[in-house]
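FYI, the numbering just counts along the sequence from 1.
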Amino acid sequence: MSSARIHRRSVISEAVAPWSDIARLLRGGEADTLIPVIIPRHRRRLWWMLPLWLGAYALLAGVMLTLREADSDGAADLAYGALATLSYVGGVVLLVIGALWWWRSSIVEIEQGTHGVLTRYGAVTRTLDAGRHYLWHPWSRVDFVVDTATEIPYSAPVMACPTQENVPLRSIEFFLKFRITDAVLFVRTIGAGNFDLVLSSAVQDAIRQRARQMRTERAYDLRGSDVADMQELLNRQLSGYGVRITGCNIPDVQLPTQYQHHLATRERIAKERTAYEQEWGLTRKRRIDSLGMDIERAKKVRDARIVEVRAALNRAREEVAQLLERQETEAQRVRFEIETRGRSGLIAAENEARAQRALAMAYRDNRAVLQYELARRRLEVGAGLAGKAPQPVVVRTDGGTDTSALSTLFTAQLLPRLTAGDRPALGGLTVPGNDGGRDPQ
């Protein structure tokens, strides 16, 4: 079917056409008219019964002539035989012509994608699918051919539709697609002409309800908006007619002229604002890029300095490690020297101790020898002195003798005189010591 022109409402109608024009009208319509239902102009008449009745009459006449021939003789018999033969031949020919005519008039071909509504005596009996069908009953006929496969486009502009601020929009273009799902319900319940009025009223009501919810400044948002709720509402309203809406949208919205000028000014200002925002965005982006490059350069410089600091730190660590290694080596050398000196001093002390011990042992041995020699010499000297010493004078003071100081003084004066004449006799004089022993003088 041809699509409706812009700003012109589609018209749904039905047409009466011969079988040869059904496909053209269903697929193309005529004069901006959508034709989903065709009423076929039937060529089927009862004229095919005339040759049948004539053939039956001719056969009956042939039978009568045959009976008449049996009762006659001579030339009459020959004439009746010829007439009976002609009647039989004519009756058979007429019967064949009537049967062929009946067969040809009973053929019905339903176009692909359509359904035929079959009636008998005016009552709907069933629907016919696409293909060839034979209607042998004389009073069976296809009253309607309904397109049930094509999604039919329908355009319904709504004029002077008020918005929320009660500003009448010049027009709102509404486009939908519908498909007939039940051919019998559609043709018997509403019909194509009445369905056009019902669909137009339902679409206008839905569009006006939607427009009442919109502000005038946002009216252009209706273009391409989601109209699933409207589609659901229309399906609920039209489901009783055997029709289903398969898709719909709002392709265009036209505002009043004065408001269009205001809106154009707003759009121009909005575009200028968008241009300024884009320019500022580009400037901001350039500045951000410049700052980003500066940050990257600073990061590179920082990384280079970090590398230098790490290299200097590594060198310092190496130098400290080398210094520590040298100090450790020096400490080990000093320790080794101290240990060597200690070992040398220890060995020297041990050697000196051994020497002292050996010397002590030697001294001890020499002392013993010297003491032995000294003792022997003392003995020799003592023996020599003893041989030359005088006899001692023993003065007894015990046993009741006088031990007074006068006697002691007298003895002290007497002794030198006694010893003056005989010196050797005093060699054996002993004087008591403090320790109770005697020491040779």
Side-chain angles (χ1 to χ4, degrees), residues 1-14 29-37 147-148 150-182 185-186 189-267 270:
M1 295 183 178
S2 62
S3 59
R5 295 178 183 176
I6 300 176
H7 306 309
R8 180 175 296 180
R9 188 178 71 85
S10 300
V11 178
I12 301 175
S13 178
E14 59 187 14
E30 59 180 4
D32 296 330
T33 302
L34 305 176
I35 302 178
V37 179
D147 188 355
T148 57
T150 305
E151 292 185 348
I152 303 171
Y154 182 82
S155 177
V158 181
M159 305 297 179
C161 184
T163 60
Q164 187 176 358
E165 296 88 353
N166 205 23
V167 176
L169 301 178
R170 192 162 63 178
S171 68
I172 298 179
E173 188 77 18
F174 188 77
F175 177 81
L176 61 85
K177 295 184 296 182
F178 69 91
R179 187 166 64 87
I180 300 173
T181 57
D182 192 335
L185 186 62
F186 181 78
T189 303
I190 188 170
N194 295 330
F195 178 74
D196 178 65
L197 296 177
V198 171
L199 181 59
S200 176
S201 299
V203 168
Q204 289 197 16
D205 184 57
I207 288 295
R208 292 181 186 279
Q209 289 181 7
R210 174 60 65 87
R212 275 294 184 183
Q213 300 174 0
M214 299 293 296
R215 298 180 61 86
T216 307
E217 59 185 10
R218 298 180 61 87
Y220 278 137
D221 293 343
L222 290 173
R223 293 182 297 184
S225 61
D226 186 12
V227 291
D229 55 342
M230 298 175 61
Q231 180 177 347
E232 184 179 357
L233 176 63
L234 292 175
N235 278 325
R236 286 199 303 268
Q237 293 178 356
L238 303 178
S239 60
Y241 305 128
V243 177
R244 184 171 65 87
I245 306 296
T246 59
C248 56
N249 65 346
I250 300 176
D252 188 23
V253 176
Q254 292 189 2
L255 301 177
T257 305
Q258 184 177 2
Y259 197 84
Q260 281 185 355
H261 293 327
H262 295 323
L263 192 61
T265 304
R266 290 183 59 183
E267 289 182 354

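Side chains of Met230 and Val203 form no contact here, defined as non-hydrogen atoms less than 4.5 Å apart. Side-chain contact check for Thr246 versus Lys177: some heavy-atom pair is nearer than 4.5 Å. Residues Leu199 and Leu176 are in side-chain contact: their nearest non-hydrogen atoms beyond the backbone lie under 4.5 Å apart.
Partners of Arg170 according to the side chain to side chain donor-acceptor pair (under 3.5 Å) rule, which considers only residues two or more places apart in sequence or in another chain, are Gln254. Evaluation of the salt bridge (charged side-chain N to carboxylate O under 4.0 Å, His left out) rule for Arg236 yields Glu232 as partners, not counting sequence neighbours. Here Arg244 pairs with nothing under the salt bridge (charged side-chain N to carboxylate O under 4.0 Å, His left out) rule; sequence neighbours left out.
Residue pairs meeting the side chain to side chain donor-acceptor pair (under 3.5 Å) criterion with at least one member in residues 190-200, sequence neighbours excluded, are Arg9-Asp196. Within the structure, ring pair (Phe, Tyr, Trp, His ring centres under 6.0 Å) pairs that include any residue of residues 195-216 comprise Phe178-Phe195, Phe186-Phe195 (at least two apart or interchain). For residues 197-211, the set of pairs meeting the salt bridge (charged side-chain N to carboxylate O under 4.0 Å, His left out) definition, not counting sequence neighbours, comprises Arg210-Asp229.
Distance check, rounded to the nearest 0.5 Å: OG of Ser239 to CG of Leu185 gives 9.0 Å. Annotation: the span from Ile152 atom CD1 to Ile180 atom CD1 amounts to 5.0 Å, rounded to 0.5 Å. Once rounded to the nearest 0.5 Å, the distance linking CD1 of Ile172 with CE of Met159 reads 10.5 Å. For the atom pair CD1 of Ile250 and CZ of Phe175, the computed distance is 13.0 Å after rounding to the nearest 0.5 Å. With rounding to the nearest 0.5 angstrom, the OH atom of Tyr154 is 8.5 Å from the CG atom of Leu34. Rounding to the nearest 0.5 Å gives a distance of 12.5 Å between CD of Gln209 and CD of Gln204.
Panel note: side chain Thr181, backbone Gly242; a donor-acceptor pair is recorded below 3.5 Å. Side chain of Gln231 to backbone of Ile245: a donor-acceptor contact under 3.5 angstrom is found. Counting only distance, with no hydrogens or angles, the side chain of Arg179 and the backbone of Thr150 share no donor-acceptor pair below 3.5 Å. No donor-acceptor pair closer than 3.5 Å links the side chain of Thr189 to the backbone N or O of Tyr241.
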side-chain contact (heavy atoms from CB on, under 4.5 Å) assessment of Thr163 paired with Arg215: CA-CA 6 Å; Thr163 60; Arg215 298 180 61 86; over 6 Å; no

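The minimum heavy-atom distance linking Asn166 with Pro162 is given by the pair OD1-CB, 3.7 Å. Looking at every heavy atom in both residues, Leu222 comes nearest to Met214 through CD2-CG, 3.7 Å. Nearest heavy atoms, Ala202 versus Gln237: CB-OE1, 3.2 Å. Pro36 and Ser13 make their closest contact through CD-O, 3.2 Å (heavy atoms, listed as atom of the first residue, atom of the second, distance).
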